[in-house]
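In this text, all values refer to a predicted model and were calculated from it rather than measured experimentally.
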Amino acid sequence: MKTNMQVLAVASELYPLVKTGGLADVAGALPLALKHYRVSTKTLIPGYPAVMAKLRGDTTQRLHFDNLLGVSADIIETHIDGLDLLVLDAPELFNRPGGPYADATGADHADNWRRFAALSLAAARIAAGEMEDWQPDLVHVHDWQAGLVPAYMRYGDTPELPSLITIHNIAFQGRFDASVLPHIGLPAHAYDIDGVEFYGGVGYLKAGLQTAWAINTVSPTYAEEILTPEFGMGLEGLLTTRAEHLSGIVNGIDTDVWDPRSDAALTTHYSAATLKTRVVNKRGVEARFDLDEDDGPLFCVVSRLTMQKGMDVLAELADDIVAMGARLAILGSGDPWLESELLAAAIRHPGRIGINRGYDEPLSHLMQAGSDAILIPSRFEPCGLTQLYGLRYGCVPVVSRTGGLNDTVIDANPAAISAGAATGVSFNAVTTDNLRRAIRRTVGLYQSPKIWSVMQKQGMKSDVSWDKSAGLYADLYAQLIANKG
């Protein structure tokens, strides 16, 4: 493996500065883990207000654009929490209220096509060497928001520079009307089936999948699933033609941030050797959700409340969960009708079901540390991080067999239980019957304290860190760079 590789990463969000989902966790944690493999990463992110507010005094203006798709912009270099960052300071594009992609009402910003084309074009110009004393050996881009970077490179000055695009969720594709093409700085001939054209429009993710040197996604199973019509979301044909350039590397988590021995969000700390003290956190979860205090199983959900996440099926089973003697704590927000269904269940079963709408990072830590099991009945899940947090905290994952859930959780079948290898409960197709059986099986396992304790400890021994996966990324980078020659 080549040492001292220089990588430009491009992402639309990054923990701890701005986060809407797992992409931010990956963009923030992977560069830190790659340092062990002598990979140096500079990550380009947009200058949202939340990002600009956290810039410190040790900033340097590295590049100025008089006209970046019609706006003035600067590249500011800074260092935060061990991360080397390049911030695209373009107030006209990013200095606005709301989230990274939508306004305060939840409506997508109408100019997202320009905002993320500008991010991608800035990255391509950095890749081309416009920063005087630094040029990457490889460019690694994440999701549709950075999907045009490889296209700008192919149709611009650096077609020979290796590029990698990572798909975090193929359902989000960045599709825009063909009328944007004259305004995003690509030549007319880029509008082609082998370029950025996608079903009569411009596809930002499609462009990246077509033009990047290599494609990867966030679990081996998901890399196989997206080759099928069920999971490929209209891109399965393209991906099949590029299958030899497609791979899957499972995500990891930051095991310093997620550590039950030192996590400041917990009521009490514990380890696999002191699992009995974990009950103090259980009491804390019960208090936060106004749940009855008892010794029965406590299930939790930390999720977007959407059909993708299987929350409609969970809502149908709320009464059954209570009838089994279990309780349920839910943290999340999403589709209004699903929120209403789950709120109605909480009203029907006071003390047995509690719901906290929205997202609360410290509370999510406490829930992993105090709940007995976490329910993740996703219809598709590229990787998933909540099951990794659950494993780390002895919160047994109950998961559907899809994507990264399939790759990271060992089902408690008789053979796995006998071998002491089980770490969770898995089930096939997401139906009410299948999930009901999985929950009933989990309750039965919980009622066998010895088996349950072994499952918790085995999960806590699982390697959910970035160490192994970062090594696989470093190897992939090295292969791509070697192929440059």
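- In this structure, the side chains of R154 and E160 stay at 4.5 Å or more apart for every pair of heavy atoms.
- Of all heavy-atom pairs spanning P150 and G208, the tightest one is CG-CA, 4.3 Å.
- At distances below 3.5 Å, not a single donor-acceptor pair connects side-chain atoms of D143 with backbone N or O atoms of Q145.
- Residues R379 and D312 are paired through a salt bridge, judged by an N-O separation under 4.0 Å between the basic side chain and the carboxylate.
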For residues 419-427, please give each side-chain donor-acceptor pair under 3.5 Å, one per line with the distance, not counting sequence neighbours.
| residue | atom | partner | partner atom | Å |
| --- | --- | --- | --- | --- |
| T423 | OG1 | I410 | N | 2.9 |

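- A salt bridge links D411 with R441: the closest approach of a Lys/Arg side-chain nitrogen to an acidic carboxylate oxygen falls below 4.0 angstrom.
- Closest non-hydrogen pair, L298 versus A329, comes out as CD1-N, 4.4 Å.
- For R278 and N281, the side-chain atoms include no donor-acceptor pair closer than 3.5 Å.
- In this view, T240 and L227 satisfy the side chain to side chain contact (heavy atoms under 4.5 Å, CB included) rule, not counting sequence neighbours.
- Judged by distance alone, with hydrogens and angles left aside, the side-chain atoms of S371 form no donor-acceptor pair with the main-chain N or O of Q368 at under 3.5 Å.
- Among all heavy-atom pairs drawn from A29 and W466, the shortest one is CB-NE1, 3.2 Å.
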task = Please test E286 against R327 for salt bridge (charged side-chain N to carboxylate O under 4.0 Å, His left out), starting from the C-alpha separation and ending with a verdict.
result = CA-CA 9 Å; E286 291 163 346; R327 290 156 299 148; 2.6 Å; yes
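- Between Y222 and F380, the two ring planes are parallel [angle under 30°; tilted spans 30° to 60°].
- Across M311 and L305, no two heavy atoms sit closer than the pair CG-CA, 3.7 Å.
- Under the 3.5 Å distance criterion, with hydrogens and angles disregarded, no donor-acceptor pair is assigned to the side chains of Y477 and Q479.
- A donor-acceptor contact closer than 3.5 angstrom links the side chains of H79 and D84.
- Between K282 and E293 no salt bridge is recorded (no basic side-chain N to carboxylate O distance below 4.0 Å).
- For E381 and T402, the side-chain atoms include no donor-acceptor pair closer than 3.5 Å.
- For W258 and H365, the distance between ring centers is under 6.0 angstrom.
- Between R401 and D407 there is no salt bridge, since no side-chain N of the basic residue sits under 4.0 Å from a carboxylate O of the acidic one.
- Distance alone, capped at 3.5 Å, is enough to place a donor-acceptor pair between the R242 side chain and the A212 backbone.
- When all heavy atoms of P162 and I481 are compared, the closest pair comes out as CG-CA, 4.1 Å.
- Closest heavy-atom contact between W213 and N483: CZ3-C, 4.3 Å.
- The backbone N or O of D259 lies less than 3.5 Å from a partner atom in the side chain of Y393, making a donor-acceptor pair.
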key: Audit row: E13, K19, salt bridge (charged side-chain N to carboxylate O under 4.0 Å, His left out) steps and yes/no   = CA-CA 6 Å; E13 53 188 83; K19 173 180 173 177; over 6 Å; no
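- Every residue two or more places apart in sequence or in another chain that forms a side chain to side chain contact (heavy atoms under 4.5 Å, CB included) with P31 is listed here: T41, T43, L83.
- Side-chain contact of H142 with S12: a donor-acceptor pair under 3.5 Å is absent, judged by distance alone.
- Between Y101 and W144, the ring-plane angle classifies as tilted under the 30° and 60° cut-offs.
- A donor-acceptor pair is defined here as one N or O able to donate and one able to accept, closer than 3.5 Å; such a pair exists between the side chain of T228 and the backbone of E225.
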